[in-house]
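Beneath this line is the structure, given in structure tokens, with notes to follow.
Here the structure is a predicted model, which is why all the values come from computation and not from measurement. Nothing fancy with the numbering, it's 1 onward along the sequence. Both ligands and their constituent atoms are indexed starting at 1 by order of listing. These numbers come from the heavy atoms of this one structure, side chains and all, not from hydrogens, waters or symmetry mates.
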Amino acid sequence: MLNQRSKNLSPSPTMAIDTRAKQLVAQGVDVINLSVGEPDFDTPETGKAGGMAAIADGFTKYTAAAGTIELRQAIGDKLRRENGLDYSPDEIVVSNGAKHSLFNIFMVLLDPGDEVLIQAPYWVSYPEMVKLSGGTPVIIKTDAQTSFQLTPQMIERHISAKTKAIAINNPSNPTGVVYDETALRAIAEKAAEHGLLIISDEIYERLTYDGATCVSMAAISPDIKRRTITVNGFSKAYAMTGWRLGYAAAEKPIAKAMGELQSHCTSGASSITQKAGLAALSGDQSMMAAMRREFDRRRLYAIERLKDIPGLDLEVVPRGAFYVFPNVSETFGRVIGGRSIESSDDLCSAILESARVAIVPGSSFGSPRHLRISYATSMEHLREGLDRIEHLLAGDRQFATSS
Ligand code: PMP
Ligand code: GLU
């Protein structure tokens, strides 16, 4: 019954594990959810008020498919002010989340067989989106030896006559790596040398630590800006995951095609959400700084805790986003929670079943020797989740059998 496209599709593991964890919690099972990358903070009051005013004022009709002009202008102002990027409103397309922006990008850029370079560990949806759009993902593996960073040489080795674009996520989900300007420039120049487009997903740009800062890919030079599609959104910066609001900025023909595609699929983002996003973007930003400080506190806590948990080796200290991504290969061959561990998938299953903590196996990110723990949750949950994992891995008898 289903077509080949659906048969080839694997569901988003981050969404699937989160849904499962939330179901268990709703059934009264005491699960600590460290799986999904979703800030536990509330949407800022400014954003909520903007959404409520939109409803009260009857701003409840279709908007322009690419987003309201006032929101695109405000996004343009933000990109100019914070990222040093000059985009006009007709170079900006507002969508139902950055995930949707990325999907639009691949849909308007890729012809069958076009290859897109993707760095592994990658965010779960990139390869699937490329495949859904008819393209071929070409995975470039990186590991701790190169601090999970791409180099121009790695790119060179994976280029073919069919390579059309490279997707970069900086700061990175799941590794937390933040590229410095020199490394980013080297990648950009290699991409330019081969005439590639660059998809720069900067959704975690505000979440950097230890003095790291996110340099926008398109700010490297005017030539790089012309070949870059900048992606960002409101989910992480403003804790607005459920509102579904993201955007892309690109040269006019690309932006125009994305808007037109969207005009047939969703008719654009919700009018209410757009007003909420506009209010969040234009309002007091102090809550965002407070959120970042709290994430940093949890990050430092998680880093310290991992040092004492046998089998979880945090090879590279994350300086961005809100994840830790330890290597767990030391546990392979052990029996944990009554389960013989051969992979990170086995370990995550044992941790969920025996310790009741939901986390995401590295295989979901193209890195089967690792797992991802999100610290976008309360300190209390993080502490409890890490306690449980530590007890399980230390062979604590309370967790010795699978429940
Ligand atoms: N890019 C990355 C790297 C992400 O982690 C996420 C997860 N939310 C997204 C894009 C999409 O975010 P959203 O659709 O909620 O804006
Ligand atoms: N991006 C977040 C994560 O990686 C949210 C889930 C998703 O969009 O896949 O967990």
Side-chain angles (χ1 to χ4, degrees), residues 9-22 33-41 43 47 67 71 75 93-106 118-130 132 148 167-179 199-208 214 217 229-249 262 266 269-270 273-274 276-277 280-281 295 318 320-325 348 358-367 370-377:
L9 182 66
S10 40
S12 162
T14 42
M15 298 303 286
I17 294 169
D18 181 52
T19 304
R20 177 81 189 118
K22 284 178 177 155
N33 188 0
L34 306 182
S35 68
V36 76
E38 172 165 68
D40 57 315
F41 297 91
T43 297
L71 178 56
I75 290 169
V93 181
V94 172
S95 299
N96 302 61
K99 194 178 259 183
H100 185 215
S101 305
L102 286 157
F103 188 69
N104 282 341
I105 292 168
F106 294 124
I118 298 171
Q119 170 184 1
Y122 47 71
W123 177 50
V124 295
S125 291
Y126 295 146
E128 292 303 319
M129 286 184 183
V130 168
L132 280 170
F148 290 123
I168 301 281
N169 178 211
N170 178 44
S172 154
N173 173 5
T175 62
V177 160
V178 185
Y179 283 97
I199 296 138
S200 182
D201 179 350
E202 301 174 9
I203 196 157
Y204 295 99
E205 65 161 344
R206 287 184 169 177
L207 300 177
T208 57
C214 169
M217 178 61 90
I229 302 110
T230 304
V231 178
N232 209 324
F234 291 71
S235 287
K236 318 292 170 178
Y238 296 101
M240 288 179 67
T241 46
W243 295 80
R244 310 308 303 130
L245 194 62
Y247 56 90
Q262 192 160 281
T266 64
S270 142
T273 289
Q274 291 187 62
L281 199 55
F295 282 137
F322 36 51
Y323 310 102
V324 283
F325 196 63
C348 290
I359 49 182
V360 187
S363 53
S364 309
F365 308 95
S367 196
H370 295 81
L371 57 74
R372 191 190 77 175
I373 298 173
S374 163
Y375 54 84
T377 186

With a cut-off of 4.0 Å, which atoms of ligand 2 are near a heavy atom of [X]?
{"X": "Ser12", "answer": "9 (O)"}
{"X": "Lys99", "answer": "7 (C), 8 (O), 9 (O)"}
{"X": "Val36", "answer": "5 (C), 6 (C), 10 (O)"}
{"X": "Thr14", "answer": "3 (C), 4 (O), 6 (C), 7 (C), 9 (O), 10 (O)"}

In the protein, which heavy atom is nearest to [atom], and how far is it?
{"atom": "atom 2 (C) of ligand 2", "value": "Lys236 NZ, 3.5 Å"}
{"atom": "atom 14 (O) of ligand 1", "value": "Arg244 NH2, 2.7 Å"}
{"atom": "atom 6 (C) of ligand 1", "value": "Trp123 CZ2, 3.5 Å"}
{"atom": "atom 8 (N) of ligand 1", "value": "Lys236 NZ, 2.7 Å"}

Set of residues satisfying side-chain hydrogen bond (donor to acceptor under 3.5 Å, both in side chains) with respect to Ser235, sequence neighbours excluded: none
Proximity to ligand 2 by part of Asn173, non-hydrogen separation under 4.0 Å: side chain
Proximity to ligand 2 by part of Phe365, non-hydrogen separation under 4.0 Å: neither
Check: Ser35 N/O within less than 3.5 Å of ligand 2 N/O: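 No, there is no polar N/O contact under 3.5 Å.
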Partners meeting salt bridge (charged side-chain N to carboxylate O under 4.0 Å, His left out) with Glu202 (sequence neighbours left out): none
Closest to atom 2 (C) of ligand 1 (judged by heavy-atom distance), picking from Val124, Leu102, Val36, Asp201: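 Checking each option, the heavy atom nearest atom 2 (C) of ligand 1 is found in Asp201.
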Ala98, portion touching ligand 1 at heavy-atom distance under 4.0 Å: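 For Ala98, backbone and side-chain atoms both sit under 4.0 Å from ligand 1.
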